[in-house]
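Take a look at the structure set out below.
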Amino acid sequence: MTFNEIYNRSCENPQAFWGEVAENIFWYKKWGKVLDDSDAPFYKWFTGGETNVCYNAVDLHVEQGRGEQTAIIHDSPVTDSQQKITFNQLKARVARFAGVLVQQGVEKGDRVILYMPMIPEAVIGMLACARIGAVHCVVFGGFAANELAVRIDDCNPKVIVCASCGIEPGRVVEYKPLLDKAIEIANHKPDYCIVYQRPQTRADLINGRDLDWQAAVAKASDADCVSVAATDPLYILYTSGTTGEPKGVVRDTAGGIVSLKWSMKNIYNVEPGEVYWAASDVGWVVGHSYIVYAPLFNGCTTILFEGKPVGTPDPGVFWRVISEHNVKVLFTAPTAFRAIKKEDPNGEYIKKYDLSCLQSLFLAGERTDPDTLNWAKDKLGVLVIDHWWQTETGWAICANCLGIEQLLIKDGSPTRPLPGWQLRALDDFGNEVKTGDIGALVAKLPLPPGTFPGLWNARQRHFDSYLKSFPGYYETGDAGYIDEDGYVFVMSRTDDVINVAGHRLSTGAIEEVLASHPEVAECAVMGVNDDLKGELPVGCLVLNSGIERAPEEIIKESIQLVREKIGPVAAFKLAVVVKRLPKTRSGKILRGTMKKIADNDSWKMPATIDDPAILDEITVALQSLGYAQN
Ligand code: COA
Ligand code: AMP
């Protein structure tokens with residue numbers, strides 16, 4: 001069938017379409033209803049059905065004869081080690097760790113936080129939760145104790161699992177002191193912490209509360225997969241919203257399995273037994289969906305890479321991993337390619353390796369600039385596919401479906417909406433804009449399976465953030481246009497979310513931290529363009545009157561404060577002190593205008609500005625940081 005035929009079918013009769021796709025996964029009990037719209041605009045998929053994520057990802061393959069196939073390759077240049085785990089071994093290790101969780105009192109529906117680096121135990125922990133119906137919540141290692149505490153208080157985990165450390169180039173990041181501090185700050189206290197001791201650092205354990213992973217595993221018995229409702233939550237993954245309070249995006253069980261398994265063949269054109277590599281982190285949605293779940297649902301070998309695109313040890317590491325492990329598809333963020341291109345502009349390292357196994361490169365996480373796209377295409381000689389998605393959606397909204405029919409690639413576009421997705425570009429009043437004009441990108445409800453059924457304990461926030469502005473549609477928070485061929489171009493966010501090295505950050509959250517500095521009266525944070533990371537946060541600080549200390553000291557402290565409260569991942573290193581912030585007469589800070597000035601984009605004096613002279617002061621301040629040069 002052609003892409004158009006499949007797409008049209010998915011829109012005309014979503015129930016028949018997804019019902020048929022759902023036949024390809026293992027069920028303990030088939031669904032009663034494919035789509036349950038009894039609580040619209042909140043929808044549920046496959047109500048009445050029962051299945052298990054871990055069974056579909058691991059046990060099923062053992063039973064179907066893939067037991068001796070490698071399931072996970074842990075390739076860790078930062079520790080100079082590699083480990084291959086077969087499906088048989090994975091099943092044994094997951095069942096045993098699930099047994100540890102059960103022994104510690106974890107039951108179906110209980111939450112378990114995983115604060116882990118890129119080691120197999122992170123994946124084992126996730127699958128073990130899924131095995132017993134517990135809800136995992138992975139927190140990215142680059143977040144500080146305070147961010148971890150916010151998540152502890154929101155999802156109230158019974159158990160927290162962490163490793164003694166993560167390894168960043170040039171430094172060992174000790175996780176346990178961060179975890180201890182987070183638990184101290186949080187109101188909710190977990191019953192137990194389970195600590196995986198890595199050889200690089202041994203963590204101190206607190207008697208009675210902390211267990212040693214290895215010792216606990218040695219004593220435990222195995223736990224089997226339990227049958228869970230199709231609509232039960234598999235995980236919560238926090239992502240940035242417009243405020244400092246992160247949103248707990250929930251993924252349901254069956255929708256995730258059905259959509260992700262479908263995507264492996266249809267989008268990525270990967271068959272069971274082939275090697276798939278998502279160079280991301282298990283702490284992000286790409287890591288959940290495409291390091292862990294989708295490749296395993298599809299019986300593929302997945303690569304768990306603990307390193308960086310450059311510096312571990314050189315910009316050839318991606319090519320080494322691809323050729324050494326026979327990778328068919330690589331999925332990463334454009335920023336990784338910009339980092340490689342910067343260090344190896346002529347692609348000399350690419351020439352050192354045989355990359356004939358690589359069929360395609362998929363990029364997502366941020367807009368792919370045509371320079372990066374063309375460099376990757378020229379140097380690798382493979383298909384380079386931009387695709388667009390979000391933590392909320394769990395899989396792509398738009399992509400070029402290589403497994404169905406390769407469509408024309410247009411630079412700057414993630415191609416067309418996928419089956420199940422009906423997109424529109426709307427104006428502020430909810431009317432469709434003209435073809436080619438920019439509008440708010442929205443998707444007609446219901447969204448397909450695998451997308452988020454809700455936010456953890458925040459139904460009203462779900463409605464207000466995504467469903468309220470355009471009734472009948474999901475508001476993506478991205479703006480863009482749709483051309484005459486139905487190709488979507490995603491241009492920018494419509495909210496205060498910025499994208500730094502493929503990581504989603506809230507300027508509001510950074511502002512909240514800066515405003516907590518006792519000498520900062522008010523502040524504004526914006527994302528300015530950056531050649532490597534796409535965007536970088538820049539802060540403008542207004543100090544309390546009468547402060548006599550040097551502004552540089554306060555800037556330094558503010559930068560440190562963001563690192564301590566949010567974490568190094570915020571990459572907040574640029575701030576200036578200004579006398580005033582530009583505002584509208586009603587008091588709204590003109591962040592958009594400031595960003596345009598910083599980026600040397602053309603801008604118009606806002607009609608509602610309170611005092612135009614402030615923009616001259618801001619320009620001078622931004623120039624001191626190397627921006628606003630024109
Ligand atoms: N634990 C602790 N600290 C971490 C961390 C982790 N898991 N991940 C990142 N950090 C720290 C880094 O060490 C760095 O600290 P520093 O300020 O002391 O240097 C800071 O957080 C910023 O990290 P990062 O944004 O990764 O920048 P970088 O300069 O280390 O590397 C790139 C730049 C482009 C190479 C890197 O961002 C990259 O590989 N990006 C790929 C993007 C990606 O995987 N996105 C996921 C969506 S697909
Ligand atoms: P996250 O939830 O962290 O995956 O970030 C999602 C956001 O990243 C989207 O809302 C977009 O703003 C941006 N994004 C992801 N993929 C793309 C893409 N292919 N093109 C443009 N923006 C993208």
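Indexing begins at 1, ligand by ligand and atom by atom, following the structure's order.
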Look at ligand 1 and say whether [X] reaches it with a heavy atom at a distance under 4.0 Å.
X	value
Gly365	no
Ala279	yes
Arg338	no
Ala571	no
Met118	no

Ring centre gap for His462 and Tyr474 strictly below 6.0 Å: no

Pair Tyr293 + Trp395: ring centers closer than 6.0 Å: no

Could you tell me the residue and atom name of the protein heavy atom closest to [atom], and the distance to it rounded to 0.1 Å?
atom	answer
atom 8 (N) of ligand 1	Phe140 CZ, 3.3 Å
atom 40 (N) of ligand 1	Thr335 CG2, 3.7 Å
atom 6 (C) of ligand 2	Trp389 O, 3.5 Å
atom 18 (O) of ligand 1	Arg563 NH2, 2.9 Å
atom 33 (C) of ligand 1	Lys533 CE, 4.1 Å
atom 5 (O) of ligand 2	Arg504 CD, 3.5 Å

Nearest non-hydrogen partners of Glu366 and Arg338, listed with the distance: OE1-NH2, 2.9 Å

Heavy-atom closest contact (Gln200 atom, Cys165 atom, distance): CB-SG, 3.9 Å

Taking the minimum heavy-atom distance to [atom], which of [options] ranks first?
atom	options	answer
atom 46 (C) of ligand 1	Gly166, Cys165, Ser280	Ser280
atom 12 (O) of ligand 2	Ile498, Thr494, Asp478	Asp478
atom 21 (C) of ligand 2	Arg367, Lys247, Arg493	Arg367
atom 4 (C) of ligand 1	Lys342, Glu343, Glu168	Glu168

Contact check: Asn499 vs ligand 2, nitrogen or oxygen atoms, below 3.5 angstrom: yes

Cation over ring face, Lys410 and Tyr487, 6.0 Å, 45°: yes

Cation-pi geometry met for Arg151 and Tyr115 (6.0 Å, 45°): no

Short list, please: which atoms of ligand 2 are under 4.0 Å from a heavy atom of [X]?
X	value
Gly365	8 (O), 13 (C), 14 (N), 15 (C), 16 (N), 17 (C)
His387	16 (N), 18 (C), 19 (N)
Thr391	1 (P), 2 (O), 3 (O), 4 (O)

Reference residue Ile498; test side chain to side chain contact (heavy atoms under 4.5 Å, CB included); the match among Val500, Asp496, Asp495: Val500

